[in-house]
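Input: a single structure, listed below in structure tokens.
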Amino acid sequence: MKILVLNCGSSSIKYQLFSMTDASDWNVIAKGGVEKVGLKGSFLKHQKENGDKITFEGEIIDHKTGIDYILGVMLSEKHGCIKDLSEIDAVGHRVVHGGETFSSSVFINNEVIDKLEEMVSLAPLHNPPNLKGIYAIQQLMPDVPQVGVFDTAFHQSMPDYAYMYAIPYSLYKKYGIRRYGFHGTSHRFVSKRACDILGVNYNTQKIISCHLGNGASVAAIKDGNSVDTSMGFTPLEGLIMGTRSGDLDPGVITYLMDKEMIGTRSASVLLNKHSGMLGVTGISSDSREIYEAAESGHELSQLGIRMYDYRIKKYIGSYAAAMGGVDILIFTGGIGENEKRTRAGVCRDLEFLGIELDQEVNDKTRGEEIVISSPNSKVKVMVVPTNEELVIAQDTKTIVEELSNK
Amino acid sequence: MADLRTEPIEPYALSNKVKVKTLFSRIGVIGCGLEAQGIARIASWYGMEVVLVARDQEKLDMALDGISKELNKRIQSWGLTPSEKRAIMGRIKGSLECTAVVDCDFVIEAIPANKDTGHRDLNERKRIFRDVEKVVSDEAIIATNATTIVITELASELKKRDRTVSLHFFVSSPEAKIIEVVKGLYTSDKVYERVCKFVELINRDVIPVMESAGIVSMRLYVALLNEACYTLMEGVATMSDIDKTMEIGLGMRFGPFKSADFIGLEKIVIWMENLYEEFGQQKYKPAPLMKRLVRAKRLGVHTKAGFYKYDDEGNIIAEDFLSGKIE
């Protein structure tokens with residue numbers, strides 16, 4: 001079965017073509033991305049199964065044209081990997097916001113599209129391009145089933161006392177203001193994968209999963225369900241991120257808007273783009289550069305690192321309390337997978353919780369599936385590289401097969 | 001081993017459809033004053049490539065520097081990041097030749113008014129319209145940024161007259177999210193619709209207006225300013241209190257005097273004389289106070305004195321130095 005996975009951003013399209021026999025037997029036969037959709041200098045970067053890379057340059061005016069070219073390249077004699085479009089059995093889309101309507105991946109029909117259109121106000125930057133991708137496939141491959149996989153879906157199992165904000169209830173009713181959480185596909189994948197590796201039952205474990213990348217979030221997963229996560233109504237809540245502040249006294253925002261005489265747009269840019277590690281260190285949002293500066297004595301970088309680790313540690317402590325314990329602690333995402341210093345900093349002094357790192361293993365670990373806690377550690381600490389595209393492909397396969405068996 | 005090659009993408013189109021060109025991927029702006037700078041900055045902010053054409057290198061450098069400074073202000077007030085600024089500046093290419101707009105599908109003439117006369121040279125604008133038409137494609141739209149009756153006259157210089165339109169960007173408040181779009185006698189519906197699309201792309205609303213002197217904004221504004229001058233001269237209230245009343249009481253972002261200093265008194269006086277000539281009504285005749293300030297070369301923020309006094313950064317340093325002792 002061949003499944004095309006699409007991730008449409010505001011001016012980009014990422015794609016992977018999977019060939020799958022079953023959930024664990026798969027390979028990627030082509031992948032790549034379109035950049036600068038609708039802008040001057042747009043291009044398509046395509047990578048073949050053998051690793052060869054080709055860049056195609058030319059005008060790509062919208063998402064539909066971009067997807068048209070992606071399919072064209074995959075069909076071409078010179079660079080292609082399929083002979084006919086009908087070889088693609090299904091298309092899976094990453095959809096950022098599924099609101100309260102979607103608690104799992106869904107087969108996309110007109111009713112689903114209508115619901116997604118209604119949800120645009122919740123994710124005005126992300127959902128419209130996701131929808132453009134869906135419409136493009138409808139037009140270009142009208143007979144191919146499409147599946148939507150949501151960033152928010154996994155966290156729909158959160159209990160109400162975890163997802164509600166203590167503001168007037170009428171505002172929840174009026175605007176849907178509550179915590180939704182994001183990175184759900186990643187948290188779901190790594191938590192499940194960790195249990196597979198350890199050979200334990202996913203439905204009996206208390207897991208804390210730290211997705212630390214450009215955006216970052218922690219999730220508490222109990223008995224196979226997300227029971228809390230650090231991102232909320234928007235991806236701005238929770239951990240300190242590259243350029244996002246994470247948790248902040250809301251009073252600071254109104255105070256700053258008043259003092260700096262700025263409106264909502266600038267306030268949003270301030271908290272989303274000027275803040276986080278970049279704002280504190282003044283150096284960069286990139287953890288490698290920050291560590292480099294810290295090691296050469298840059299004090300604000302050292303402070304930034306202490307703040308970053310401390311915030312994660314607080315969430316681990318509170319989620320252990322929320323679940324009544326923790327069995328597995330997972331690090332994933334660019335920083336979680338590759339940065340031993342962050343993992344060591346976060347786990348320091350957590351022995352009382354049963355978290356004990358094997359420093360030697362941790363020091364050696366970069367981007368591989370591995371247990372990094374010491375043999376005596378009560379909590380298994382692990383690095384599990386995430387693979388959101390694979391989850392989308394797997395979900396798509398499952399849903400499409402269920403449908404054809406009906 | 002990975003092999004990095006580059007190919008054109010067009011042969012890989014799946015559906016052999018008619019090739020559609022990206023609308024407004026590149027626009028041309030002719031001029032280098034505040035208006036031109038504002039238009040270039042806004043278009044580039046929204047991802048368009050901009051060709052900015054100036055008369056000489058010094059003016060071009062000043063214009064680019066002006067845009068850069070304006071963007072710095074946005075960074076300081078947290079509305080923009082330095083890397084976004086680099087991208088915006090990177091999309092603006094300066095040139096000294098009108099022919100540089102060759103690839104643009106939309107060209108806006110926005111040459112500044114002469115500092116001494118306050119007039120925008122009509123012959124120069126006609127020449128620009130003709131020169132632009134020589135190099136751009138048949139579909140390209142040619143526009144002027146104006147509040148005066150001029151677009152039909154400029155259009156008549158062209159071979160393809162239906163491609164013209166007149167816009168009005170609000171210079172005194174460049175972030176105002178509206179643009180007056182004027183349909184001239186020749187403007188075709190298709191061109192007008194495409195310009196509305198452009199306005200939408202730069203995140204503004206269209207105010208459709210007919211070709212009329214001062215259109216809506218200036219016609220109403222100059223009447224207000226005139227009345228404000230008389231109110232001041234009659235000693236009813238101080239200048240800063242009149243501004244404050246209009247700002248706080250009536251919700252204007254800037255009161256009439258502050259706005260006038262920002263726009264430039266020499267320009268306003270010309271507009272008013274145009275309106276007076278057009279409609280023949282006394283209310284458009286510039287108040288003596290305004291004419292006196294213009295004669296004294298106190299033209300506004302750009303000369304560091306107009307109704308108010310300003311420092312180099314354009315901050316008000318003397319508020320009521322006019323009131324009570326008009327020389």
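In what follows, every chain begins at residue 1, and chains take the letters A, B, ... in the order their sequences are listed.
A 4.5 Å side-chain heavy-atom check between A:Phe56 and B:Glu10 finds every atom pair outside the cut-off. Within the 4.5 Å cutoff, no side-chain heavy atoms of A:Ile54 are placed close to those of B:Thr6. Annotation: side chain of B:Trp78 is not in contact with side chain of A:Lys273 (no heavy-atom distance under 4.5 Å). Put simply, the side chain of A:Asp52 reaches to within 4.5 Å of the side chain of B:Arg5, judged on heavy atoms.
No more than 12 heavy atoms of other residues, nucleotides or ligands sit less than 6.0 Å from atom CD of A:Glu292. Residue-environment remark: CD (A:Glu368) exceeds the threshold of 12 foreign heavy atoms within 6.0 Å. Crowding of B:Lys93 atom NZ: a count of heavy atoms from other residues, nucleotides or ligands under 6.0 Å exceeding 12. B:Lys85 NZ: more than 12 foreign heavy atoms inside a 6.0 Å radius. Other residues, nucleotides and ligands contribute more than 12 heavy atoms inside 6.0 Å of the OH atom of B:Tyr46. By the neighbour-count criterion of 12 heavy atoms within 6.0 Å, atom CG of A:Asn214 is sparsely surrounded, having that number or fewer from other residues, nucleotides or ligands.
When heavy atoms are compared at a cutoff of 4.5 Å, A:Glu57 approaches chain B by way of both its backbone and its side chain. When heavy atoms are compared at a cutoff of 4.5 Å, B:Glu84 approaches chain A solely by way of its side chain, counted from C-beta outward. For B:Glu7, the parts lying near chain A are the backbone and the side chain together; criterion is any non-hydrogen pair under 4.5 Å. Heavy atoms closer than 4.5 Å to chain B are found in the side chain of A:Leu85, but not in its backbone.
For the atom pair CG (B:Leu80) and CZ (A:Arg265), the distance works out to 7.5 Å, reported to the nearest 0.5 Å. Interatomic distance, A:Thr55 OG1 to B:Ile9 CD1, rounded to the nearest 0.5 Å: 10.0 Å. For the atom pair OH (B:Tyr12) and CG (A:Asp68), the distance works out to 14.0 Å, reported to the nearest 0.5 Å.
Interface summary for chain B: among A:Lys36, A:Gln47, A:Met261, A:Lys78, the most heavy-atom pairs under 4.5 angstrom belong to A:Lys78.
Side chain of A:His274 to backbone of B:Gly79: no donor-acceptor contact under 3.5 angstrom is found.
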